[in-house]
*Asks:* 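Can you read through this structure? Questions will come right after.
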Amino acid sequence: MSGKGKGKDAAPPEPENIPQDLQYASVFSFKGGKGKGKDAFQQEQEDMPEDMQSVPFPYNFMKGKGKGKDASPPEPDDMPEAMQSSQFPYNFMSGKGKGKDAAPPEPENIPQGNSLPLAFNFMKGKGKGREAVMGQFPKALPVGLQQPSDTPSLSPAKSAEPQDLQTKTKMPEPPGLQAASTTREPNALAKAAIAALNRSGWRPLESKGRRPPEPENEPSQARVGGWTPTAYNALFGSAEDMSDEDVVAGKSWGTWKQEDWSDWRKWKEPSAPSAPSAPSASWDQSWKSWDKRDGDWDKHKHTKQGVVKDWWDGDDGDDGWEKDQKNWKQNDWEDEQQIKHEQNQNEWKTEWNQWEWKDGRDGWEQQNVKKQEEWNWKQNEKEQWDEEEEDWDPDACEDQGKLESQKGPMLEEEVFEEMADAPSSAPKAKAMPTKPKALPKKRPIAPSIAPIGPIAPSGALSVPRPPTIYVPSLLATAKAMVAKPKATPKPPTTPPPPHLKEEAKEQKAWDDEEEDFVEEEEEDQWNGWQDWKWNGEWDQDDQAQQDWKRRKIPDSGLRWQDGKWERASTNGVSPKKSPKSTEKTQKPQKTQYPQYVKAVSVKNSTSAWARGRNATRGRPKRQKFPDAPERWGEDWEQSRQEVDLTLLGQMGPPTSRWEYRLVDESRRSFLGYMPSAFSTKQCDTLFEQVKECTQWQTPPDSGPAPRQVAWMTKKGCSCKYRYGGVELESQEFPQQMQELLGRVMKLCGGGNADWPDSCSLNFYEDGAASLGWHADDEALFQGKFEDIRIISLSLGQARTFELRRNWPQAGETEVQKLRLSSGDIMTMEGMMQKHFQHRIPKEGCVEPRINLTWRWIRKHYPECPAFRGRR
Ligand SMILES: O=C(O)CCC(=O)C(=O)O
Ligand SMILES: [Fe+2]
């Protein structure tokens with residue numbers, strides 16, 4: 001509603017366009033934040049109301065009272081009805097109607113970013129409005145939203161539930177309720193249900209009494225927040241919930257339930273005791289008729305006392321009296337009633353005992369004692385009366401009658417003053433706690449900082465591309481997540497091996513030397529798949545890919561021939577030379593892409609670097625693939641706290657939207673991700689600008705579907721970029737690149753002084769262009785020896801970025817994936833280049849992509865003016 005765009009491109013509406021009463025607890029109010037619409041950012045965490053600071057999802061207090069820190073949530077009645085029962089905030093943005101009448105939006109109008117796992121999610125759910133049922137949760141939670149270990153799991157306790165409950169339950173039970181239900185203790189269950197009810201602000205649709213709603217008003221599973229029927233029954237299943245009509249119609253709670261709630265009955269948890277039926281209606285009627293007769297009998301007693309004898313005689317005459325008395329005796333009415341009464345009491349008691357509601361049972365026992373006393377009293381009276389009757393003396397009676405009439409008629413209340421009222425029905429169940437007017441203002445702060453897990457769930461990197469719209473609270477969580485603990489960090493449990501430092505030093509010296517003299521083949525090994533190798537693998541692709549290759553011909557002018565890609569000469573671009581070819585690459589005459597400059601192969605190079613390499617022939621060869629390095633105690637690396645590593649996500653302004661998609665504390669390796677740092681339009685412009693201002697080079701042996709590459713450095717640095725046997729001349733940052741870097745660094749918290757001083761650029765013409773497994777571990781950046789930062793920006797065609805560990809342990813062998821779309825910023829931080837490799841695999845897309853990777857040069861080459869000595 002009022003936002004721009006649709007579906008996953010939807011942007012939040014302008015704050016002033018958000019209907020205030022739609023915003024409870026779900027759509028973060030941008031009020032107080034900075035920016036507008038799509039560019040709006042959340043408030044500082046400390047500007048949020050205290051009791052929301054720990055809540056890991058967005059919220060909005062616009063309709064509530066107060067502002068900023070003093071804001072309080074809206075009254076439940078002010079929430080849209082469909083939300084009142086929801087334990088989980090969700091978002092009506094883009095739905096129809098307003099305020100209480102708001103309906104959830106159409107699934108396609110829900111921006112993906114609002115489908116946080118904890119947010120109630122209609123996306124892909126079925127039905128509309130009141131009937132809507134939620135969709136599935138995303139499989140993997142973003143790192144920041146991992147469930148803290150000390151709160152109950154939000155997923156239904158599968159083992160505890162019968163099969164059909166499992167399949168029916170879409171929404172997890174509220175944590176409190178679930179915790180109670182595992183105890184199978186009805187009282188606790190009911191309490192939890194009441195608490196959940198109060199929390200949710202749920203009110204029965206038919207608010208008169210606590211009668212369960214009519215079937216047509218039956219709340220959907222979503223509306224009752226995933227309650228178990230047991231809990232529901234415990235709350236609503238008492239006799240007094242029945243209407244008089246139902247009682248008259250002989251309906252008991254039990255039959256009502258059978259008739260109308262058959263479905264619910266199936267859901268009953270097997271081991272929970274069933275909620276008791278109220279005393280049956282027939283019993284109730286007998287009880288009432290007993291009372292009626294009882295009343296008659298009372299009158300009779302009065303008659304006996306002469307007070308209303310005339311009345312009785314006047315009505316029935318002596319005969320009537322005799323007749324009645326006879327009838328009573330004949331029917332043995334008293335005995336029968338007493339037996340019935342006792343039977344019912346026993347039944348009733350059994351039921352109460354089953355219920356095991358302690359207070360209720362105690363209450364019942366008291367009532368029962370009273371009732372028994374009452375019965376005894378009446379019985380006693382009757383016996384006395386019967387005895388007296390035998391000595392009936394009309395005169396005496398008359399005398400007494402006179403006496404009595406002087407006193408005035410005896411009131412029934414007086415006669416029964418010592419007698420407690422017979423309970424007309426089951427004792428009242430404990431009164432329901434009344435719904436609090438407003439939620440308590442100060443909620444206890446939940447542990448908001450998800451423990452920094454050893455690593456994001458393995459699926460985290462393959463979560464479908466996050467939406468353009470960002471859910472601001474993630475920032476708070478991500479930040480909290482990466483925040484350094486306040487307490488002084490503990491020393492590693494196992495002290496670092498004493499030889500480690502020495503060895504590390506030696507290793508560093510060795511690698512520093514060796515780095516420059518790496519044989520090309522070794523580099524291939526170290527880097528894993530190089531393009532040409534990858535192309536080999538490509539040959540064995542399945543039929544689908546082969547088909548794609550064939551289809552690709554008319555699209556791109558490429559031809560699949562003799563097991564490799566050839567560029568059809570008709571489109572004016574010369575065929576690329578094969579890896580082993582010595583032919584000179586022709587400068588393309590007509591191409592939509594920038595002019596290529598051939599990169600220099602170090603084999604033919606006469607640079608100092610290449611010469612130095614020759615000078616070291618005979619040195620011991622470096623291992624093909626190094627053994628796993630020494631570890632730091634139980635971890636791979638010293639802890640982030642100890643080395644005081646600050647992540648870029650912690651440095652950015654509060655408005656920057658970082659998610660850490662890889663948090664490997666043991667390897668001190670982190671991958672930060674900021675989706676859609678630039679708008680689509682900005683990206684298009686940037687793509688063109690970067691393409692134009694860059695001197696692209698073609699790596700000499702990059703195969704038939706090459707990447708174009710470029711290397712830029714800051715003014716004053718002439719370091720070439722050497723990797724995998726390729727050497728790229730540096731180009732000074734053009735103006736446009738300076739500006740772009742400034743914009744990127746703003747999001748990464750870099751002050752003017754500390755910007756990266758180099759950038760490597762890759763131009764992937766289409767999906768056939770790729771980059772093999774490698775690490776950015778060139779000596780220039782020192783990424784194998786110290787914490788470094790790499791910042792990458794992607795423009796154009798979205799491509800998959802893959803990540804794998806060099807020395808995976810059990811459960812770590814999976815390749816993790818991250819979709820890098822246009823405008824996404826990604827960082828690799830810490831010791832990532834020592835422990836991980838990454839690549840951009842081939843895929844079947846046809847649009848071009850540019851990737852810019854900024855790094856800080858830590859060790860300039862001796863020939864560079866910025867060189868300041870080796871160590
Ligand atoms: O294109 C990419 O996203 C990755 C580039 C890369 O890894 C590199 O240039 O080292
Ligand atoms: Fe790389």
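Values reported hereafter were calculated over all heavy atoms of this structure, with side chains retained and with hydrogens, waters and symmetry mates removed. All residue numbers in this chain count up from 1 along the given sequence. For ligands, and for the atoms within them, numbers begin at 1 and follow the listed sequence.
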*Asks:* Under 4.0 angstrom from ligand 1, any heavy atom of R855?
*Replies:*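 Contact present.
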*Asks:* For atom 9 (O) of ligand 1, find the nearest protein heavy atom and state the residue, atom name and distance (0.1 Å precision).
*Replies:*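 Protein heavy atom at minimum distance: N762 ND2, 2.8 Å.
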*Asks:* Return yes or no for this condition: an N or O of D776 is under 3.5 Å from an N or O of ligand 1.
*Replies:*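 It does: an N or O of D776 is found under 3.5 Å from an N or O of ligand 1.
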*Asks:* If we only count N/O pairs under 3.5 Å, is H838 in contact with ligand 1?
*Replies:*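 Yes, at least one N or O pair falls under 3.5 Å.
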*Asks:* Is the closest heavy-atom distance from H774 to ligand 1 below 4.0 Å?
*Replies:*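 It does, in that a heavy atom of H774 comes within the 4.0 Å cut-off of ligand 1.
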*Asks:* What protein N/O/S atoms are there under 2.8 Å from the Fe ion (ligand 2), waters excluded?
*Replies:*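 Listed by chain and number: H774 NE2, D776 OD1, H838 NE2.
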*Asks:* So for R799, does at least one of its heavy atoms come nearer than 4.0 angstrom to any atom of ligand 1?
*Replies:*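 Not so, R799 does not reach ligand 1.
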*Asks:* Tell me which one of L852, L818, L793, N851 gets a heavy atom nearest to atom 2 (C) of ligand 1.
*Replies:*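 Considering heavy atoms of L852, L818, L793, N851, the nearest to atom 2 (C) of ligand 1 sits in N851.
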*Asks:* What about S794: any of its N or O atoms under 3.5 Å from an N or O on ligand 1?
*Replies:*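 No; the residue has no nitrogen or oxygen that sits under 3.5 Å from a nitrogen or oxygen of the ligand.
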*Asks:* Which heavy atom of the protein is the closest neighbour of atom 3 (O) of ligand 1, given with residue, atom name and distance?
*Replies:*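 Looking only at protein heavy atoms, the one closest to atom 3 (O) of ligand 1 is R849 NH2, 2.8 Å.
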*Asks:* Which ligand 1 atoms are under 4.0 Å away from a heavy-atom of L771?
*Replies:*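 Result: 5 (C), 6 (C), 7 (O), 8 (C).
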*Asks:* How far is atom 1 (O) of ligand 1 from its nearest protein heavy atom, and which residue and atom name does that atom have?
*Replies:*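 For this ligand atom, the closest protein heavy atom is Y764 OH, 2.5 Å.
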*Asks:* Determine, step by step, whether T827 and W658 satisfy the side-chain contact (heavy atoms from CB on, under 4.5 Å) criterion, reporting the C-alpha distance in whole Å, the side-chain angles of both residues, the deciding distance to 0.1 Å, and the verdict.
*Replies:* CA-CA 10 Å; T827 70; W658 288 103; 3.5 Å; yes
